[in-house]
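What follows is one structure encoded as structure tokens, with my remarks underneath.
Ligands are counted one by one from 1 in listed order, and the atoms in each one are counted from 1 as well.
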Amino acid sequence: MWSTCTALVFALVAASSFTSVYVLEFCQNISPECHSDDNTASNSQSSLHTVKSKWTLNASSLMHDLNQFRVSCKKLLEALPIDKVDGNFVRTVKNCIFSKSIPTPLKGPLRLAAACKDVIEGILDLDASVTRSGDFLHYASGGRLLPGSVPLAHRYGGHQFGYWAGQLGDGRAHFLGQYSNKKGEVWELQLKGSGKTPYSRSGDGRAVIRSSVREFLCSEAMHFLGVPTSRAASLIVSEEPVLRDQFYNGNVKAERGAVVLRLAKSWFRIGSLEILSQSGEIDLLRKLLNFVIDEHFPFINPDNPEKYLVFFSTVVNETADLIAQWMSVGFAHGVCNTDNFSILSITIDYGPFGFMESYNPNFIPNTSDDEGRYSIGAQANIGLFNLEKLLVALIPVLTQTQQKQAKIILKGYANIYQMRVHQIFKAKLGLLGEDEDDNDLIAFLLKMMEDTESDFTMTFRELSEVSANQLLNRNFTQMWALDDLSHHKHFSDWLNKYLFRLSRQQDDSHLDRQHRMKNVNPRYVLRNWMAESAIRKAERNDFSEVELLHHILSSPFVTQETAEEAGYAARPPQWARRLKVSCSS
Ligand code: AMP
Ligand code: MG
């Protein structure tokens, strides 16, 4: 039994040999700001207090007037070439990174469906009250240009479902400019759903309410789960009819257009480099790489002849790390094409994603993904596929020796990923130190969860919350996910091994372990049914549930009364089983 269990869902098909060449330390992306220190009511009170006082301290220096807010496109415009052809018509674009493209204003009346105070105040240095102004509605939906903005659409390509798809580009996103905030951070602002660009192909350049609510909520939820991601500042909905065939079955319906104002340190993707390499624009490829390295990889010396190799090695490391973090919260992206894979290794382009409920390595969030290419268990291998495509794109700028080294680095990906997953799942079980049986203990648990279809999020959460007495007495009556798991015929064997492993942890107490585990095992994730329920209301201009979810998912590790009342930690309702999501957005 043990050896079968070691055939972990996370195991990679590719054989791996670990290499230390340029392999960097894992960065701990779980920022302390994302987590409360404890999950007890009193502690959450005190962390709320800390957050409040942080805002109070900053409040005086926040901007109250949007006209004071400036973005800049200077750096990008000076460093990178712009499409020589003008005009917002669809075309094949060459020899540039961006095309100038003006957003198409959404048809009103416009409504602010959601705004994120953490982003508006913490990143954009704006007082949250500005989001209630009419100006904000226009600025954040493409009707008016922010001071300093030269809106651009980005030219990129990508491998979609395994095949080179040629020029894709941002067909419905406008880069507005960079904002340098008080903390010294530089963020790129984008509108998504803001109308046609030269890359719109046959699309209308719009996004609908349902997909925009999902992107807004999920990117913020991921941030607070501690997973690297783009952020969302606001969500504006309109009355503009947008025709969508949601399930590609001929049933076209008019939905409503919406725009998300979203932010990332960089929106460049693997496909940003691929298109230049594929079309033989090697000088431009070098230029973009140099720009990206200067801006986002400050530890790489621009004069280092090995800089592209170090860049590649970093992306390999951090992509492995990102996917391990997705797995730690049961997140399936849904469309892991190379155009949706950030070169800063953050989660971008939220589409038909899903958080796995019943544990199942074959969980496929996207109903259009017939072959399960992007199932949750396939993500690690797909990460490798995408990195192989990145390497192909880099070949023209690497020497023969560097190409060989890059291949060796790529072989290290599987080990990096497995090492990271191992660390993460050990932490999810509260295990300290290293024991040779730890892998088996984790694999055995996952196998039992698969057999009993136990809920991924709540099994780990309840293991974090269960009292010592309940564990010893196998009393799980108030714990639905653990109760499901406990019906497995080998559950007692596993529990004995787990308790024995815990008992050997020196200087650890049951309470300390619970505390550690509650900080890595969320109680709330954005389940499809939760998003769907909020979307149905939002489509009727009731944004209360979007707001509630946004609020609750900002503290996913803290038990919250309103969330419990709403059933967000309860067994998903029956109707949730019928829910489907597709690429249509
Ligand atoms: P994203 O990369 O987030 O834009 O998501 C890709 C999906 O967006 C595609 O599968 C399409 O459903 C949709 N899409 C892409 N381009 C456009 C466009 N120009 N207009 C409308 N929808 C688009
Ligand atoms: Mg995309």
Are any of the heavy atoms in [X] under 4.0 Å away from ligand 1?
X      : answer
Lys196 : no
Arg269 : no
Gly351 : no

Main-chain N/O of Val315 paired to Thr319 side chain as donor or acceptor, under 3.5 Å: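 Side chain of Thr319 to backbone of Val315: a pair is present.
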Would you say the side-chain atoms of Asp170 pair up with the backbone N or O of Arg172, donor to acceptor, closer than 3.5 Å?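 Pair absent, no side-chain N/O of Asp170 close to backbone of Arg172.
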Applying the ring pair (Phe, Tyr, Trp, His ring centres under 6.0 Å) test to His154, which of Trp267, Phe175, Tyr199, Phe268 qualifies?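 Result: among Trp267, Phe175, Tyr199, Phe268, Phe268 is the only option passing the ring pair (Phe, Tyr, Trp, His ring centres under 6.0 Å) with His154.
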Based purely on interatomic distance, does [X] place a nitrogen or oxygen under 3.5 Å from a nitrogen or oxygen of ligand 1?
X      : result
Ser584 : no
Asp339 : no
Gly203 : no

Tell me which one of Arg172, Glu215, Arg201, Arg244 gets a heavy atom nearest to atom 14 (N) of ligand 1.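 Shortest heavy-atom distance from atom 14 (N) of ligand 1: Arg172.
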Is the shortest distance from a Lys or Arg side-chain nitrogen in [X] or [Y] to a carboxylate oxygen in the other one below 4.0 Å?
X      : Y      : value
Glu539 : Arg256 : no
Glu215 : Lys192 : yes
Lys196 : Asp204 : no
Lys537 : Glu545 : yes

Which one of Leu273, Leu309, Leu285 satisfies the side-chain contact (heavy atoms from CB on, under 4.5 Å) criterion with Val397?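 Testing each of Leu273, Leu309, Leu285 against Val397, the sole residue satisfying side-chain contact (heavy atoms from CB on, under 4.5 Å) is Leu285.
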Cut-off 3.5 Å, side chains only: do Ser101 and Asn88 have a donor facing an acceptor?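 Short answer, yes.
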Regarding Arg373 and Asn381, is there a side-chain donor-to-acceptor distance under 3.5 Å anywhere?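 Looking only at side-chain atoms, Asn381 and Arg373 do not form any donor-acceptor pair under 3.5 Å.
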Is the Mg ion (ligand 2) less than 2.8 Å from an N/O/S atom of Asn340, whether that atom is in the backbone or a side chain?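 It does; at least one qualifying atom falls short of 2.8 Å.
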Do any of the N, O or S atoms of Asp349 sit under 2.8 Å from the Mg ion (ligand 2)?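 It does: Asp349 brings an N, O or S atom closer than 2.8 Å to the Mg ion (ligand 2).
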Please could you name the atoms of ligand 1 that [X] approaches to less than 4.0 Å, counting only its heavy atoms?
X      : result
Asp204 : 20 (N), 21 (C)
Lys192 : 1 (P), 3 (O)
Asp349 : 1 (P), 2 (O), 3 (O)
Ser200 : 19 (N)
Asn340 : 2 (O)
Gly171 : 18 (C), 19 (N)

Which residue and heavy atom of the protein sit nearest atom 9 (C) of ligand 1, plus the separation: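 For this ligand atom, the closest protein heavy atom is Cys583 O, 4.3 Å.
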Tell me which protein heavy atom sits closest to atom 18 (C) of ligand 1, plus the residue, atom name and distance to 0.1 Å.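 For atom 18 (C) of ligand 1, the nearest protein heavy atom comes out as Gly205 N, 3.6 Å.
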In the structure I gave you, are the side-chain heavy atoms of Asn541 and Glu239 within less than 4.5 Å of one another anywhere?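 In contact.
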